[in-house]
Number of protein chains: 2
Amino acid sequence: MTGYSQSEEDYLEALYMIQLKNKVTRVKDVALALDVKMPSVVAAVRSLSEKGLVEQEKYGHIELTEEGEKVARDVYKRHQLLCAFFHEVLGLDPRIAEEDACRMEHHLSPETRERLLRIVEYIRACKDEEVFFLKRFMSFVNTGKMPEPCPGCKRY
Amino acid sequence: MTGYSQSEEDYLEALYMIQLKNKVTRVKDVALALDVKMPSVVAAVRSLSEKGLVEQEKYGHIELTEEGEKVARDVYKRHQLLCAFFHEVLGLDPRIAEEDACRMEHHLSPETRERLLRIVEYIRACKDEEVFFLKRFMSFVNTGKMPEPCPGCKRY
DNA sequence: CTCCTAAATTAGCCTAACCTAACAAAGTTA
DNA sequence: TAACTTTGTTAGGTTAGGCTAATTTAGGAG
């Protein structure tokens, strides 16, 4: 969805997240984060640097370029959005939410993304009020039965 | 999510859908459906037949085995579920729903799948009542503003 | 029945993305 | 500073999944 491959997006996202934590980014950190070997990281970094997304002096630290960081942040936000949706709306375990987000983040169209964002915003906006929809939905999930309509508005 | 690759799932699903329409399945149909060339289909079919998922006599028609059909139907159902969710819950255009489903169907964990099914069932179960949640959510999507709480129950 | 065309197959090639093993550079410690 | 350890790089190989071009088969038309 960015013109970059799944693997490229994964590398950019990992670089971004490591940057947020550590002062500098080393090949080894990336390898660890993505569960690949160091030579794979070296190859990926070279390819990304040819595309102007990262910079690295030999045997030195890796940095995202401005463009690279832009793409990385975009991937990261898709990831966060999916996580939020899975956890906060569907009520899934955070670990499951995380794992599914990792795989799906690469396949989200702008339209679907926008709607998911809306639904998360909607649910959050009325969180304090013990959102009626969520209560009813979770009851449906747990009992398999449709809850009684709200006595006030007779709507579901 | 089935132990088969994205590409393998795509072939199985295509074979299944062609089977539903046509009497027999030919290499050419599959190539057309998946937008690949015939030699790619031949290679894929050979590989799938080695795994016991399809059968084909040389220069003959392609058929899913029982196991192959089981897997194919599973992929197909994931696809349908995602479509339904995108269209019926998120209110997305059917074309967008279809496209996103195609890409995401390969990455759905059983847990997430179950919850998505629930939410679609939930929304369907109260469709006749002009589902309050959907009305409110769509109003939020369109206006960007949170609708007033229901006067009866004061819940969102 | 023969010939022609369309479909299927084979052979051989390419790219992306990974790997291992061997080597090189950097950094740490005695 | 010399030696050792850790980190990074290079070289070369593998697999999945696609492609084109050339060949073979099957099925329909004359």
Side-chain angles (χ1 to χ4, degrees), chain A residues 1-15 18-19 21-64 68 71-72 75 102-103 105-107, chain B residues 1-15 18-19 21-64 68 71-72 75 102-103 105-107:
Chain A
M1 293 288 96
T2 48
Y4 300 105
S5 75
Q6 193 161 330
S7 162
E8 287 171 324
E9 287 193 354
D10 280 334
Y11 278 103
L12 292 172
E13 189 186 16
L15 289 169
I18 292 168
Q19 258 185 19
K21 282 229 179 68
N22 306 4
K23 281 210 174 45
V24 297
T25 304
R26 288 173 310 164
V27 171
K28 203 192 178 196
D29 303 326
V30 182
L32 220 59
L34 292 179
D35 193 30
V36 296
K37 304 299 177 184
M38 290 204 292
S40 304
V41 176
V42 171
V45 166
R46 195 183 55 238
S47 162
L48 289 172
S49 82
E50 279 161 10
K51 295 179 182 177
L53 298 172
V54 309
E55 281 177 353
Q56 180 196 31
E57 52 245 54
K58 251 200 173 182
Y59 291 93
H61 304 310
I62 309 165
E63 281 176 29
L64 288 164
V71 177
V75 178
C102 272
R103 293 194 308 275
E105 66 192 9
H106 310 292
H107 307 283
Chain B
M1 296 287 96
T2 48
Y4 300 104
S5 74
Q6 193 162 329
S7 162
E8 286 171 323
E9 287 193 355
D10 280 334
Y11 278 102
L12 291 172
E13 189 185 17
L15 288 169
I18 292 168
Q19 260 187 16
K21 282 233 180 62
N22 306 4
K23 280 210 176 44
V24 297
T25 303
R26 289 171 310 163
V27 170
K28 201 189 179 198
D29 302 326
V30 182
L32 220 60
L34 292 179
D35 193 29
V36 296
K37 305 297 177 182
M38 290 205 293
S40 304
V41 176
V42 172
V45 166
R46 194 183 56 239
S47 161
L48 289 172
S49 83
E50 280 161 11
K51 296 179 184 177
L53 298 172
V54 310
E55 280 178 354
Q56 180 195 32
E57 53 245 54
K58 254 202 169 182
Y59 291 92
H61 304 310
I62 309 166
E63 281 176 28
L64 288 164
V71 177
V75 178
C102 272
R103 292 193 309 273
E105 66 191 7
H106 309 292
H107 307 283

Would you indicate what B:S5 reaches in the nucleic acid, counting non-hydrogen atoms under 4.0 angstrom: base, sugar-phosphate, or nothing?
sugar-phosphate
Nearest-angstrom distance from the residue atom NE2 of A:H61 to C1' of C:dA26:
11 Å
Determine the sole option in A:E13, A:Q6, A:E9 for which the side chain to side chain donor-acceptor pair (under 3.5 Å) test with A:H106 is passed.
A:E9
B:Y59 OH - C:dA6 C1' separation (whole Å)
13 Å
For the residue pair B:L64 and B:L48, establish whether any side-chain heavy-atom pair is separated by less than 4.5 Å.
no
Distance below 4.0 Å between B:Q6 side-chain N/O and D:dG18 OP1 or OP2
no
In whole angstrom, give the distance that lies between atom CG of A:D10 and atom C1' of C:dA17.
12 Å
Counting only side-chain nitrogens and oxygens, does B:Y11 get under 4.0 Å of the OP1 or OP2 atom of D:dG18?
yes
From NZ of A:K58 across to P of C:dA26 the rounded distance in Å is 10 Å
Can you tell me which nucleotide in D:dT7, C:dA21, C:dT9 comes closest to the side chain of A:P39?
C:dA21
Counting any heavy atom closer than 4.0 Å, what does B:V27 reach on the DNA or RNA strands: base, sugar-phosphate only, or nothing?
sugar-phosphate
May I ask you to say what A:S40 touches in the nucleic acid, namely base, sugar-phosphate or nothing, with a heavy-atom cut-off under 4.0 Å?
base
What integer distance in Å separates B:E9:CD from D:dA16:P?
16 Å
Rounded distance (Å) that lies between atom P of D:dT10 and atom NZ of A:K37
20 Å
May I ask you to verify if any side-chain N or O of B:Q56 is less than 4.0 angstrom from the OP1 or OP2 atom of C:dT9?
yes
Tell me whether the side-chain N/O atoms of A:S7 come closer than 4.0 Å to OP1 or OP2 in C:dC18.
yes
Out of D:dT9, C:dT9, D:dG18, which nucleotide sits closest to the side chain of B:V36?
D:dG18
From NE2 of B:H106 over to P of D:dA16, roughly how many Å is that when rounded to an integer?
18 Å
Just checking B:E8: base, sugar-phosphate only, or nothing, at a heavy-atom cut-off of under 4.0 Å?
nothing
Non-hydrogen side-chain atoms of A:V24 and A:D29 separated by less than 4.5 Å:
no
For B:K28 and D:dA26, give me the distance from atom NZ to atom P, rounded to whole Å.
19 Å
What do the steps show when you test B:V27 against B:Q56 for side-chain contact (heavy atoms from CB on, under 4.5 Å), and what is the final call?
CA-CA 10 Å; B:V27 170; B:Q56 180 195 32; 3.9 Å; yes
Nearest atoms (heavy-atom pairs only) where B:L12 meets B:A72
O-CB, 3.4 Å
